[in-house]
Each structure stands twice: as structure tokens, then as C-alpha cells.
There are 2 protein chains.
Amino acid sequence: MPYQPPIGYVLKQAQSLLRLRMEQELVPLRLTVSQYSCLHALKREPGISAAALARSTFVTRQSMNTMLQLLLDRGLVERPESVENGRALPTTLTAEGANVLDAAQTRVDEVERRMLSGLQHADQAALSRMLSACVNALS
Amino acid sequence: MPYQPPIGYVLKQAQSLLRLRMEQELVPLRLTVSQYSCLHALKREPGISAAALARSTFVTRQSMNTMLQLLLDRGLVERPESVENGRALPTTLTAEGANVLDAAQTRVDEVERRMLSGLQHADQAALSRMLSACVNALS
DNA sequence: TATGGCATGTCAGTATCCTGACATAGTATT
DNA sequence: AATACTATGTCAGGATACTGACATGCCATA
């Protein structure tokens with residue numbers, strides 16, 4: 001009877017390995033996984049605030065603002081210095097940011113494809129559904 | 001047709017939330033999740049080296065040695081200063097370390113039980129199997 | 001024997017992310 | 001209108017993990 005690792009451990013293992021592979025693929029683009037996640041969220045929701053961006057990417061808003069500063073310096077994102085209504089500063093991708101994201105997306109998709117290569121299509125849907133159920137149960 | 005988040009994102013979401021809940025449960029024991037993982041691995045493999053411990057818990061051996069120093073200071077683990085054969089220093093749990101781990105294990109098990117509460121028993125096995133398949137595909 | 005390769009432990013420096021705190025702007029409540 | 005509440009952005013400080021480098025001890029191979 002072999003040792004049966006708890007699901008939490010396998011979950012951690014899978015996520016760590018996925019992150020590592022993504023990190024390796026993104027090195028040539030000088031992008032960390034967190035930065036990629038940030039650009040990805042910005043494409044989905046242009047003009048989102050930094051705080052909302054932080055929630056999307058599972059970091060604090062302080063960390064997000066530090067990250068955004070780096071991306072600003074590289075010219076991948078844009079942000080007004082002030083806004084007439086409200087406090088939130090809407091952030092958007094620049095043209096170059098969109099280009100870098102596209103290149104990153106290609107590589108990330110390939111990693112994900114490889115990760116799922118051992119699963120049938122129906123299994124992939126089931127995996128997604130079960131993970132979502134886990135998230136809901138802990139929310 | 002709703003937006004379909006990639007599995008990598010759901011995976012990250014689940015793992016982040018699980019870690020957060022574990023962290024919250026372990027606060028009263030003054031234990032981080034990494035420290036819990038370390039004690040857990042030590043119970044499974046008494047006398048394991050710090051480098052092997054690091055691999056088990058997905059950190060570098062440098063980080064593990066820092067962590068072990070904290071656990072040593074709290075008297076939760078033991079480690080000889082030298083050994084006659086080889087270079088690896090075998091680390092073991094102290095009695096108090098085993099006690100703290102037991103208390104932590106109870107809380108962690110409860111979190112995992114909650115996470116899986118929405119899944120049938122067969123689904124839990126399937127989830128574990130599919131996550132392992134992902135790990136294998138990326139290894 | 002001796003030489004190279006590999007694993008372990010450790011030191012130093014850096015990067016990243018976190019917690020705590022505060023000011024500001026909008027919203028809800030009384 | 002006045003007050004409390006929430007959300008956002010920002011500053012400061014600290015905790016944690018990482019990369020790079022080096023010495024030491026085992027093992028395989030020439």
C-alpha cells in the first residue's frame with residue numbers, strides 16, 4: 001500500500017511546477033509570471049484599477065503598484081497621473097505591452113497544453129470544474 | 001458564452017486560497033504553511049537531510065536551512081552538529097515538534113476536508129489522479 | 001591512485017512580497 | 001449637513017525566498 005499524498009500536497013506540487021515552467025518560458029521576454037498575469041488581466045479588463053488588478057493576480061495592492069512601476073518604466077502599460085472623477089487610476093496596455101503579452105501568451109499556452117497533454121478533453125473540463133468547486137468551498 | 005478562465009488560473013486560485021486558509025488556521029500555533037510542510041515531511045521521513053527536505057517542500061535548500069534554524073530555536077526539531085559518515089545532517093522532530101505538528105495536522109485536515117466538501121469521493125480520487133498526471137507531464 | 005562529477009551545507013547579497021499605517025475620494029447612513 | 005464606512009493609492013519597515021558562490025565529503029571513472 002503506497003503512501004497516498006493529500007490532495008493539498010499534489011495541488012501545491014502541480015502549481016509549483018507549472019509556475020516554474022512558465023517562469024522558464026518567460027525568461028527570454030524578461031517577464032515574471034506575476035508580470036505576465038498582470039498584463040493578461042489588463043488585456044481582459046482595460047482601464048482596471050491597480051487594486052482590482054491585485055485581487056485578480058493574488059497579490060497585495062502594494063506589490064501590484066511596485067510591479068506596475070516596473071512595467072511603466074518599460075513602457076508596457078500606461079496610467080494617468082490623476083483623474084477628474086474618483087481616486088482609482090485606470091491602467092491600460094500600451095501597443096508594445098500588447099505585443100509582449102502576445103508573445104508571452106503563445107509560450108504560456110504551450111506550457112499549459114503540455115501540462116494537460118495526458119488528459120482527455122472531458123477530463124480537462126472535469127478538472128476545471130472540480131478546482132472551481134474547491135475555490136467555492138473555501139471562499 | 002461566459003469567459004472561460006484557463007486551468008492554470010483556476011489552479012493558481014485554488015492553491016492561493018488553500019494556502020491562505022491554512023495560514024489563517026496555523027496562526028494560533030505560530031506556524032507558517034512552509035514550516036508546517038517541513039514538520040510534516042520530517043514525520044514522514046525522520047532523519048532526512050535539509051536538502052531533501054527542501055525538495056519536498058518546494059523551496060531552495062538555503063531557505064530550508066533558514067527555516068530549520070527557526071524551528072531549532074523553538075525546539076521543534078533536532079539536528080546533530082556533525083556526523084561521522086557523509087555530509088548530510090539528519091534532522092528529526094522533537095517530542096514537542098511532534099505535538100505541535102499533531103495540532104497543526106488537525107487544523108489542516110479540517111481545511112482540506114472543507115475544500116473537498118463539494119466533491120464526491122470518486123471525484124476526489126479523480127482530482128488527485130488528474131493533478132498527478134499534470135505533474136508528470138511537466139516533469 | 002587521482003581526478004572529475006555530484007550532493008550537501010553555508011555565507012553574502014538581492015529581490016519580492018508582505019504587514020501596518022496614513023491621506024484622499026466616493027458612498028451610505030443618520 | 002454631518003458622520004461613518006469603504007475603496008484606492010502610497011510610504012515605511014520587515015520577513016521570506018531567491019541567486020550566486022564556495023568549501024567539504026562521497027562516488028565513479030580513468
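Predicted model, so just to flag it, every value in this text is computed and none were measured. In what follows, every chain begins at residue 1, and chains take the letters A, B, ... in the order their sequences are listed.
The nucleotide range of DNA chain D contacted by chain B, defined by atoms under 4.0 angstrom from heavy atoms of the protein and reported 5' to 3', is D:dA17 to D:dC26.
Of the inter-residue distances, the one linking A:Leu89 atom CG with A:Leu68 atom CG reads 10.0 Å to the nearest 0.5 angstrom.
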List, one per line, each side-chain donor-acceptor pair under 3.5 Å for residues 51-61 of chain A, sequence neighbours excluded.
| unit_1 | atom_1 | unit_2 | atom_2 | d |
| --- | --- | --- | --- | --- |
| A:Ser56 | OG | A:Ala52 | O | 3.3 |
| A:Thr57 | OG1 | A:Leu53 | O | 2.9 |
| A:Thr57 | OG1 | A:Ala54 | O | 3.4 |
| A:Thr60 | OG1 | A:Ser63 | N | 3.2 |
| A:Thr60 | OG1 | A:Ser63 | OG | 3.0 |

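Proximity of B:Glu25 to B:Glu110: side-chain heavy atoms (C-beta onward) are nowhere separated by under 4.5 Å. Two residues are said to be in side-chain contact when any heavy atoms from C-beta on lie closer than 4.5 Å; A:Tyr36 and A:Gln105 meet this criterion. At a threshold of 4.5 Å between non-hydrogen side-chain atoms, the residues A:Val111 and A:Glu23 do not count as touching. The side-chain heavy atoms of A:Leu93 and A:Leu39, taken from C-beta on, include a pair separated by under 4.5 Å. Between B:Cys134 and A:Leu116 the shortest side-chain heavy-atom distance falls below 4.5 Å.
Follow the hydrophobic side-chain contacts under 4.5 Å out from A:Val10 and you reach B:Val10 in the same cluster.
Each end of the helix from C:dT1-D:dA30 to C:dT30-D:dA1 gets its own axis from five base pairs, and the two axes differ in direction by 30°, given to 10 degrees.
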Scan nucleotides 25-28 of chain C against the protein and return all N/O pairs shorter than 3.5 Å with their distances rounded to 0.1 Å.
| unit_1 | atom_1 | unit_2 | atom_2 | d |
| --- | --- | --- | --- | --- |
| C:dG26 | OP1 | A:Asn85 | OD1 | 3.2 |
| C:dG26 | OP1 | A:Gly86 | N | 2.8 |

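Listed for the B:Arg107 side chain is no donor-acceptor partner under 3.5 Å among the backbone atoms of B:Met22. Without hydrogens or angle criteria, A:Glu112 side chain to B:Ile7 main chain gives a donor-acceptor distance under 3.5 Å. Checked by atom type and distance alone, the side chain of B:Ser37 pairs as donor or acceptor with a backbone atom of B:Val33 at under 3.5 Å. With hydrogens and angles disregarded, no donor-acceptor distance shorter than 3.5 Å links the side chain of B:Gln124 to the backbone of B:His121.
Shown for residues 56-70 of chain A: residues whose heavy atoms fall under 4.0 angstrom of DNA chain D, namely A:Arg61, A:Gln62, A:Asn65. Taken residue by residue, residues 23-53 of chain B places heavy atoms nearer than 4.0 Å to DNA chain C at B:Ser49, B:Ala50, B:Ala51.
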**Request:** Apply side chain to side chain donor-acceptor pair (under 3.5 Å) to the pair B:Ser34 and B:Arg19, showing each step before the final yes or no.
**Result:** CA-CA 10 Å; B:Ser34 294; B:Arg19 185 172 188 107; 3.2 Å; yes
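Residue order along DNA chain C, read from the 5' end via each residue's closest nucleotide, puts B:Glu81 first among A:Arg19 and B:Glu81.
Counting only N and O atoms by type, the side chains of A:Gln69 and A:Asn65 include no donor and acceptor under 3.5 Å apart. For B:Thr94 and B:Arg74, the side-chain atoms include no donor-acceptor pair closer than 3.5 Å.
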